[in-house]
Novice: 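I have a structure I would like to understand better, so I am pasting it below and will then ask my questions one at a time.
Heavy-atom basis, side chains included; hydrogens, waters and symmetry copies ignored.
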Amino acid sequence: MPRVSARIRTAPTHSALARSTTAALTAGLLCLFGSAGCAPAPAPQPSAPAAARPDLRPSAEPLLNDVLRRIDEHGSVLSTVRGDLGFAGELAGEGRVRYADDHADVALRGTTRPAGQPPQPVDLAVIDDVGYLKSPLLRPEPGKPWLRLGADGTDFASKLLAPALGQVQDSTDPRATFAGVESATKIESSAPDQVDGTPATRYSLRVLTSPAAAAAPAPEQRARLQRAVDSGRGEIGYELWIDERGLPVKFAASQKVAQAGQVSLTSTYRDWGSPVDVDAPPAEEVGAFPDGPLPQAQPPR
């Protein structure tokens with residue numbers, strides 16, 4: 001009969017268990033206190049903020065520098081203005097613009113159409129940054145059909161109407177919009193176009209409000225841009241059409257104007273360099289409203 005050998009497994013002794021437990025505890029303590037080879041994985045570090053995406057749109061500075069130089073060289077222009085003056089209604093008129101070193105004098109004659117009323121004649125002028133307005137809906141004083149609207153005026157009429165009148169001036173003068181902020185303006189897009197049969201290039205321009213507010217030389221322009229920054233508006237868009245001579249043939253602007261609401265105006269230009277007369281109305285025809293709200297205007301019978 002063959003011999004069968006059997007191996008008998010014996011349970012570990014108490015001393016063996018103690019040695020095993022002691023070794024495990026020792027290894028754990030060494031790891032806990034950072035011994036070589038047992039250091040814990042480093043805690044995850046907060047990721048760095050994503051870098052701002054570069055603005056790859058081309059700068060409008062070379063384009064605008066050339067356009068503004070050509071405007072200064074010609075010095076005057078005739079324009080047609082169409083658009084919306086907010087609470088004052090729709091505007092349609094023919095204008096004259098005379099450019100000076102640091103501002104533009106503007107005169108416009110046309111009609112406004114307040115909501116629910118027929119079109120009413122209107123004359124306006126901005127001379128040396130002082131506005132004048134004449135409308136049958138506004139009768140400041142007997143025999144004095146013109147109302148003076150100072151940009152810094154404290155009377156009710158100036159506070160109500162001067163911002164919209166200033167927007168009319170800016171919308172007829174691309175120089176007022178872009179001068180001093182050329183480097184803070186981007187070309188969103190450009191494409192061939194025509195304006196009244198004239199070949200032109202249409203540029204969609206975006207003024208970056210934060211750098212523009214820092215660069216703007218004119219106080220009113222700087223304040224307007226800073227208000228846009230404070231309201232969270234990072235860019236302001238404009239449309240500018242340039243003809244083959246490098247001169248504007250059309251300009252579209254839309255702005256939210258204090259007291260007036262949304263003002264959207266489009267100007268088309270012709271006869272650059274033509275002599276124009278832009279004069280303030282005679283002093284004896286300029287009146288003022290008394291302090292307090294404007295009287296309820298009624299259309300003429």
Novice: Distance check, rounded to the nearest 0.5 Å: Phe178 atom CZ versus Thr185 atom OG1?
Specialist: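 These two atoms lie 6.0 Å from each other.
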Novice: Give a yes or no on whether the ring-centroid distance for Tyr203 and Tyr238 is below 6.0 angstrom.
Specialist: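 No, the ring centres sit 6.0 Å or more apart.
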Novice: Answer yes or no: is there an ion pair linking Arg69 with Asp72, defined by an N-O contact shorter than 4.0 Å?
Specialist: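 Not counted as a salt bridge, because no side-chain N and carboxylate O are separated by less than 4.0 Å.
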Novice: To the nearest 0.5 Å, tell me how far Ser189 OG sits from Arg206 CZ.
Specialist: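 Nearest 0.5 Å value for the OG-CZ distance: 7.0 Å.
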Novice: Does the side chain of His103 reach to within under 4.5 Å of the side chain of Asp173, using non-hydrogen atoms?
Specialist: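 Heavy-atom side-chain distance check fails, nothing below 4.5 Å.
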Novice: Is it possible for you to say whether Trp241 and Leu265 belong to one hydrophobic cluster, with membership spreading through side-chain heavy-atom contacts below 4.5 Å?
Specialist: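 Hydrophobic grouping puts Trp241 apart from Leu265.
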Novice: For the residue pair Val81 and Thr266, establish whether any side-chain heavy-atom pair is separated by less than 4.5 Å.
Specialist: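 Heavy-atom side-chain distance check fails, nothing below 4.5 Å.
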Novice: Can you list every side-chain hydrogen bond (donor to acceptor under 3.5 Å, both in side chains) pair that touches residues 106-115, not counting sequence neighbours?
Specialist: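 Listed once each, the pairs are Arg109-Asp123.
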Novice: Are Leu247 and Val195 grouped together when hydrophobic residues (ILVMFWY) are joined by side-chain heavy atoms under 4.5 angstrom apart?
Specialist: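 Different hydrophobic clusters.
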Novice: Between Ser267 (side chain) and Phe251 (backbone), is there a donor-acceptor pair under 3.5 Å?
Specialist: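 It does not hold such a pair.
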Novice: Is Ile236 reachable from Leu68 through a run of hydrophobic residues whose side-chain heavy atoms are each under 4.5 Å from the next?
Specialist: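 Leu68 clusters together with Ile236.
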Novice: Quick check: closest heavy atoms across Ala179 and Pro217, and the distance to 0.1 Å?
Specialist: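 Nearest pair, atom of Ala179 first, then Pro217: O-CD, 3.9 Å.
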Novice: Any Lys/Arg nitrogen of Glu284 or Lys144 sitting under 4.0 Å from an Asp/Glu carboxylate oxygen of the other?
Specialist: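 So Glu284 does not pair with Lys144 through a salt bridge.
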Novice: Run Gln194 and Thr198 through side-chain contact (heavy atoms from CB on, under 4.5 Å) and show every step you take.
Specialist: CA-CA 5 Å; Gln194 286 195 351; Thr198 299; over 6 Å; no
Novice: Could you go step by step and tell me if Arg57 and Ile187 meet the side-chain contact (heavy atoms from CB on, under 4.5 Å) rule?
Specialist: CA-CA 6 Å; Arg57 294 173 296 180; Ile187 299 176; 6.0 Å; no
Novice: What do you reckon, is CG of Asp230 surrounded by more than 12 foreign heavy atoms closer than 6.0 Å?
Specialist: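 It does: Asp230 CG has more than 12 such atoms within range.
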Novice: Mind checking whether Asp193 and Thr201 have side chains closer than 4.5 Å, heavy atoms only?
Specialist: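 They are not in contact (no side-chain heavy atoms under 4.5 Å apart), so the answer is no.
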Novice: Can Lys186 and Glu61 be counted as an ion pair, charged N to O under 4.0 angstrom?
Specialist: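 No, Lys186 and Glu61 are not salt-bridged.
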Novice: For the atom pair NZ (Lys134) and CD (Glu285), what is the distance rounded to the nearest 0.5 Å?
Specialist: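 Between atom NZ of Lys134 and atom CD of Glu285 there are 7.0 Å.
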Novice: Can Ile127 and Val278 be said to form a side-chain contact (heavy atoms from CB on, under 4.5 Å), step by step?
Specialist: CA-CA 8 Å; Ile127 313 294; Val278 183; 3.3 Å; yes
Novice: Is any NZ, NE, NH1 or NH2 atom of the basic residue among Arg96 and Asp105 found under 4.0 Å from an Asp or Glu carboxylate oxygen of the other?
Specialist: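 Here Arg96 does not pair with Asp105 in a salt bridge, since their nearest N and O are not under 4.0 Å apart.
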Novice: Of all heavy-atom pairs between Ala216 and Arg222, which one has the smallest distance, and what is that distance?
Specialist: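 Closest approach of Ala216 to Arg222, heavy atoms only: O-NH1, 2.8 Å.
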Novice: Is there a path of hydrophobic side-chain contacts, each under 4.5 Å between heavy atoms of I/L/V/M/F/W/Y residues, joining Leu205 to Val207?
Specialist: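 Val207 clusters together with Leu205.
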Novice: Is it true that Arg270 and Glu94 make a salt bridge, defined as a side-chain N closer than 4.0 Å to a carboxylate O?
Specialist: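 Looking at Arg270 and Glu94, the cut-off is met.
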Novice: Measure the shortest side-chain to side-chain distance between Pro136 and Pro121 over non-hydrogen atoms and say whether it is less than 4.5 angstrom.
Specialist: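 Result yes, sub-4.5 Å side-chain heavy-atom pair found.
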Novice: Mind checking whether Leu108 and Leu91 have side chains closer than 4.5 Å, heavy atoms only?
Specialist: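 Side chain of Leu108 against side chain of Leu91, heavy atoms only: contact under 4.5 Å found.
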Novice: Does Gly180 offer a backbone N or O that forms a donor-acceptor pair with the side chain of Glu182 under 3.5 Å?
Specialist: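 Indeed, once roles are kept as given, a pair shorter than 3.5 Å links the two residues.
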Novice: Please examine the side chains of Leu240 and Pro248, heavy atoms only from C-beta on, and report whether any two atoms are closer than 4.5 Å.
Specialist: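 Counting from C-beta outward, Pro248 and Leu240 do come under 4.5 Å.
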Novice: Give a yes or no on whether the backbone of Ala228 and the side-chain of Thr209 come within a donor-acceptor separation of less than 3.5 Å.
Specialist: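 It does not hold such a pair.
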Novice: Of all the heavy-atom pairs spanning Ala213 and Val229, show the shortest one and how long it is.
Specialist: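 Taking Ala213 first and Val229 second, the nearest heavy atoms are CB-CG2, 4.4 Å.
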Novice: When rounded to the nearest 0.5 angstrom, what is the spacing between OG in Ser76 and OH in Tyr269?
Specialist: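 Here the rounded value is 13.0 Å.
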Novice: What distance do Gln226 atom CD and Ser231 atom OG have between them, rounded to the nearest 0.5 Å?
Specialist: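 Reported value, rounded in 0.5 Å steps: 10.0 Å.
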Novice: Nearest 0.5 Å, please: how far is CD in Glu239 from CD in Glu188?
Specialist: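 That separation rounds to 9.5 Å.
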Novice: Are Tyr99 and Val67 connected, step by step, through hydrophobic side chains (Ile, Leu, Val, Met, Phe, Trp, Tyr) whose heavy atoms are closer than 4.5 Å?
Specialist: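 Same hydrophobic cluster.
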Novice: Show, in sequence, the C-alpha distance, side-chain angles and deciding distance for Leu78 and Trp272, and conclude whether the side-chain contact (heavy atoms from CB on, under 4.5 Å) test is met.
Specialist: CA-CA 7 Å; Leu78 302 179; Trp272 279 98; over 6 Å; no
Novice: Quick check against the 3.5 Å criterion: does Asp243 have a side-chain atom that pairs as donor or acceptor with the backbone of Gly246?
Specialist: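 Yes, the answer is positive, given that a donor and an acceptor are paired below the 3.5 Å cut-off.
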